[in-house]
Amino acid sequence: MVISDRWEFICLDAEFADSRNNEILELSIYDISGEEIYHQYFKPIKTRKWNNTEKIHHITPAMVKDKPTFKECARDIQSIIDRVGYIIGFATENDIKHLKGSGIRHFTKKHVVNIREWYWLCLGRDKGYDMLNGPGLTVCAGDLGIYFPDDDAHSASNDAKVTLDCFVELEDKYMSGSDNYVTDIVAEFKRVYSEAQAEYHRLNARGRIFLLKSDGGGYRLKRLKIDESPDADVVESITVDDRFRAEYELRRRFLHRLLPDSSAYELNKRDLAYFRSYSNKYVPLRAKHYKRLLQMLVKN
């Protein structure tokens, strides 16, 4: 791994008073060489107790009662953010969201290196972990041979240091090799991950639509994943590339057949034939749109 400027990359982690607000209790920042260049505890302004998160990070109100507020330290933090081009973290979007909410700016042009994504692509995928629901930092570190006991987790300093160690291990073992600039490695990872993400969403959109007999008469539509089956008598079923699009288009097609005060449809032979012949294609740019349309249709 070749680095042109040790300040080009930072790795950060933060601990929070409450997930419902943006008040940060602790922030740690490391440079790419492994030196902690910033660490501070903060006294929150609005929150007085944080019993739920205290059980996780063990930061008590007494520990921060004499510390500066985040606002008092914001200029120093902003100067670090402004200087760097790459931000490493674990589930980085959460830390950045809270930093933005606390007044830190200029993240738009930063390259974000999310170690949870790197782990999934390089190791977690083969272990069967879901892209959107992977393990925490302790498991990821353990799988990479990095000693990180549970008692050390959820300290911003420890988490940031171990996240940086994970980055180095992933880059060294699974990515392009030590002769390339780290910026080139990150760009290559982004390209490969984007392709894997697109394939994940394509496969995850597939499913089956079932026609079930309704107890009150008529037929009910049921949408399920490709490997799921309904707990009811199936009249007909079809396999589709985009199950959300299929449910939306079929419900819209049968809307005039909806029984009064019911979610069931009174379908005739022509409707049943249409159901059997229905098919679709997964269109990435339209997938979220069909989900929203379906939510609106079902809600109304």
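Taking the side chain as every heavy atom from C-beta outward, Glu228 and Lys225 approach each other to under 4.5 Å. Looking only at side-chain heavy atoms (C-beta outward), Val64 and Pro44 come within less than 4.5 Å of each other. Ile146 has its side chain within reach of Glu169: a pair of non-hydrogen atoms, C-beta onward, lies under 4.5 Å apart. The shortest side-chain heavy-atom distance between Phe148 and Val139 does not fall under the 4.5 Å cut-off. Within the 4.5 Å cutoff, the side chain of Ile10 has no heavy atoms near those of the Tyr86 side chain. Between His57 and Leu25 there is a side-chain heavy-atom pair separated by less than 4.5 Å. Using a 4.5 Å cut-off on side-chain heavy atoms (C-beta onward), Gln197 and Met131 make contact. Contact of the Lys281 side chain with the Asp242 side chain is not registered, since no non-hydrogen atoms from C-beta on lie closer than 4.5 Å.
In this structure a side-chain-to-backbone donor-acceptor pair under 3.5 Å is missing from Thr47 to Lys49. Ser277 contributes a side-chain N or O that, together with a main-chain N or O of Ala273, makes up a donor-acceptor pair within less than 3.5 Å. Looking at Arg270, its side chain never comes within 3.5 Å of a backbone N or O of Leu267 through a donor-acceptor pair. Between the side chain of Asp95 and the backbone N or O of Gly89 there is no donor-acceptor pair closer than 3.5 Å. Remark: the backbone N or O of Thr239 is not paired with any side-chain donor or acceptor of Arg206 at under 3.5 angstrom. Put simply, the side chain of Lys110 gets close to the backbone of Ile81: a donor and an acceptor are under 3.5 Å apart.
Under a 4.0 Å N-O distance rule, the pair Asp271/Arg257 qualifies as a salt bridge. A salt bridge links Glu236 and Arg276; the closest N-O separation between the charged side-chain nitrogens and carboxylate oxygens is under 4.0 Å. Ion pairing between Glu195 and Arg191 holds under the 4.0 Å rule for side-chain N and carboxylate O.
Scanning both residues, Arg252 and Leu297, for their nearest heavy atoms gives N-CD2, 3.9 Å. Among all heavy-atom pairs drawn from Tyr30 and Gly34, the shortest one is CD2-O, 3.4 Å. Nearest approach of Ala17 to Thr53, heavy atoms of both residues: O-OG1, 2.6 Å. Closest approach of Gly217 and Leu259 over heavy atoms only: O-CD1, 3.5 Å. Across all non-hydrogen atoms, the minimal contact from Thr92 to Asn114 is OG1-CA, 3.4 Å.
Each of Asp159, Asp165, Thr163 was compared with Lys161 under the side-chain hydrogen bond (donor to acceptor under 3.5 Å, both in side chains) criterion, and only Asp165 meets it.
Rounded to the nearest 0.5 angstrom, Leu12 CG and Leu164 CG are separated by 11.0 Å.
Side-chain polar atoms of Thr60 and Glu54 form no donor-acceptor pair below 3.5 angstrom. With no hydrogens or angles considered, a side-chain donor-acceptor pair links Tyr278 and Glu249 at under 3.5 Å. Counting only N and O atoms by type, the side chains of Glu8 and Thr183 include no donor and acceptor under 3.5 Å apart. Of the N and O atoms on the side chains of Glu26 and His39, at least one donor lies less than 3.5 Å from an acceptor on the other residue.
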Residues Ile56, His154; criterion side chain to side chain contact (heavy atoms under 4.5 Å, CB included); working and verdict: CA-CA 7 Å; Ile56 299 172; His154 303 298; 3.4 Å; yes
Check against side chain to side chain contact (heavy atoms under 4.5 Å, CB included), Phe16 and Trp50: CA-CA 9 Å; Phe16 316 110; Trp50 44 89; over 6 Å; no
Stepwise side chain to side chain contact (heavy atoms under 4.5 Å, CB included) check, Ile209 with Phe275: CA-CA 9 Å; Ile209 306 294; Phe275 178 86; 3.8 Å; yes
Full working for side chain to side chain contact (heavy atoms under 4.5 Å, CB included) between Phe9 and Val186: CA-CA 11 Å; Phe9 283 74; Val186 171; 4.0 Å; yes
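Linking ILVMFWY residues whenever their side-chain heavy atoms come closer than 4.5 Å, directly or via other members, leaves Tyr41 and Ile45 in distinct clusters.
For the ring pair (Phe, Tyr, Trp, His ring centres under 6.0 Å) condition, no pair includes a residue of residues 235-271, sequence neighbours left out.
If you look at Trp118 and Phe189, their ring centroids are closer than 6.0 Å.
Stacking of Arg245 on the aromatic ring of Tyr282 is not recorded, the 6.0 Å distance cut-off and the 45° axial limit not both being met.
Around the CG atom of Asp215, the shell of radius 6.0 Å holds no more than 12 heavy atoms that belong to other residues, nucleotides or ligands.
Shown here are the side-chain hydrogen bond (donor to acceptor under 3.5 Å, both in side chains) partners of Asp82, two or more places apart in sequence or in another chain: Gln78, His106.
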